[in-house]
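I have placed the structure first, in the form of structure tokens, so that the comments after it can refer back to it.
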Amino acid sequence: MANNFILIVDNDPEVLAYYWQLFEGDNGSQFDVLGESSPRQPRLRCYRLADSTKFVEMFEGMVRADQRYPLCIIDLEMEDENGRLNKRRGLQTARRVREIDPEIHIVICTAHGDVGLEEVQEHVAGSAHYFRLPFSPEQETEFCLMIHGLVDEWNGRS
């Protein structure tokens, strides 16, 4: 059975709501490119958390319980365990997620442009991707299709 749950960690509640709308809120209708009134892509379900430390603890427990997930979207800039904003916290979180589950796809998203794809791939082994927010309508479509494609690829391995 396919696993259509994705994990999202971002300290901005508006961004968490945006992701929910992209992947769950419209039931996939934005992918009805042929106008057939049925989504081309299945709806993805989102587990969202704002605290990266709690997220890593939760994720580690889920993997220990043999609950695996195809993909994790991580904000680059988040608060550290002391409540201070850290511009690279997402890379630390992504590295820890990768250590826990080497097979998960990781997507770093940020509105801050001081990190690029090469640095993300250098710090996060395996399947690591990078997107800048906010998206143009074309970038949003590209992002959504990539996320669905990565989830499909992960499910195809099982």
Side-chain angles (χ1 to χ4, degrees), residues 2-35 37-59 62 67-81 83-98 100-101 104-117 119-121 123-124 126-155:
N3 182 345
N4 287 332
F5 283 91
I6 61 173
L7 308 171
I8 302 170
V9 59
D10 194 304
N11 63 332
D12 186 334
E14 290 181 19
V15 173
L16 290 174
Y18 170 73
Y19 287 131
W20 182 87
Q21 184 63 37
L22 277 180
F23 298 116
E24 266 192 78
D26 73 349
N27 199 19
S29 63
Q30 72 178 347
F31 295 106
D32 182 19
V33 295
L34 301 177
S37 299
S38 62
R40 195 182 86 181
Q41 296 285 348
R43 180 173 71 165
L44 297 176
R45 303 295 308 248
C46 304
Y47 285 143
R48 301 169 292 158
L49 202 62
D51 182 309
S52 63
T53 303
K54 287 181 182 174
F55 170 78
V56 169
E57 291 169 6
M58 178 192 76
F59 181 69
M62 291 186 308
Q67 296 174 345
R68 304 264 183 201
Y69 297 90
L71 186 134
C72 182
I73 299 172
I74 302 173
D75 184 20
L76 182 63
E77 185 174 298
M78 292 183 287
E79 293 178 355
D80 63 18
E81 54 276 336
R84 291 183 301 231
L85 203 56
N86 181 326
K87 290 186 176 194
R88 302 245 192 262
R89 181 68 179 185
L91 290 177
Q92 296 167 353
T93 302
R95 273 195 306 265
R96 186 67 185 114
V97 166
R98 174 66 69 225
I100 296 167
D101 184 355
I104 193 168
H105 294 290
I106 296 175
V107 179
I108 301 286
C109 288
T110 186
H112 307 283
D114 56 342
V115 171
L117 177 60
E119 186 173 353
V120 167
Q121 291 177 334
H123 283 81
V124 184
S127 176
H129 308 271
Y130 172 82
F131 278 88
R132 287 269 320 223
L133 297 170
F135 298 133
S136 69
E138 295 81 19
Q139 290 167 325
E140 184 178 275
T141 299
E142 176 188 338
F143 175 75
C144 289
L145 290 173
M146 185 201 72
I147 297 298
H148 281 276
L150 291 170
V151 169
D152 290 347
E153 185 275 331
W154 185 91
N155 279 307

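Summarising the geometry, atom CD belonging to Gln121 is positioned 11.5 Å from atom CD belonging to Glu119; distances are rounded to the nearest 0.5 Å. Distance check: Arg96 CZ to Asp101 CG gives 11.5 Å after rounding to the nearest 0.5 Å.
Side chain of Arg98 to main chain of Thr93: no donor-acceptor pair is present (N/O by atom type, distance under 3.5 Å, no hydrogens or angles). Between the side chain of Asp51 and the backbone N or O of Lys54 there is at least one donor-acceptor pair closer than 3.5 Å. Remark: side-chain polar atoms of Asn3 are paired, donor with acceptor, to backbone N or O of Arg68 under 3.5 angstrom. The main-chain N or O of Leu16 is found under 3.5 Å from a side-chain atom of Arg48 such that the two form a donor-acceptor pair. Put simply, the side chain of Glu24 gets close to the backbone of Cys46: a donor and an acceptor are under 3.5 Å apart. Side-chain atoms of Glu140 never come within 3.5 Å of backbone atoms of Pro137 as a donor-acceptor pair (strictly under, hydrogens ignored).
Residues Arg89 and Glu77 form no side-chain contact, since every pair of their non-hydrogen atoms from C-beta on lies 4.5 Å or further apart. Two residues are said to be in side-chain contact when any heavy atoms from C-beta on lie closer than 4.5 Å; Tyr19 and Ile147 fail this criterion. Using a 4.5 Å heavy-atom threshold, the side chains of Val15 and Asp75 count as separate. Here the side chains of Glu79 and Arg84 are not in contact, with every heavy-atom distance at 4.5 Å or above.
Taking the ring centroids of Tyr69 and Phe59, they lie at or beyond the 6.0 Å cut-off.
Neither side chain, Glu138 nor Thr141, offers a donor N or O lying under 3.5 Å from an acceptor on the other. Between the side chains of Glu153 and His105, a donor-acceptor pair is found at a separation under 3.5 Å.
The two atoms that bring Leu117 and Ala128 nearest to each other are CD1-O, 4.0 Å, heavy atoms only. Taking every heavy atom of both residues into account, Leu150 and Ser127 meet most closely at CD2-OG, 4.3 Å. The two residues Ala94 and Ile74 come nearest to each other via the heavy atoms CA-CD1, 3.7 Å.
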List the atom pairs, donor and acceptor, that lie under 3.5 Å between side-chain atoms in residues 5-13 and the rest of the protein, sequence neighbours left out.
residue	atom	partner	partner atom	Å
Asp10	OD1	Asp12	N	2.8
Asp12	OD1	Glu14	N	2.8

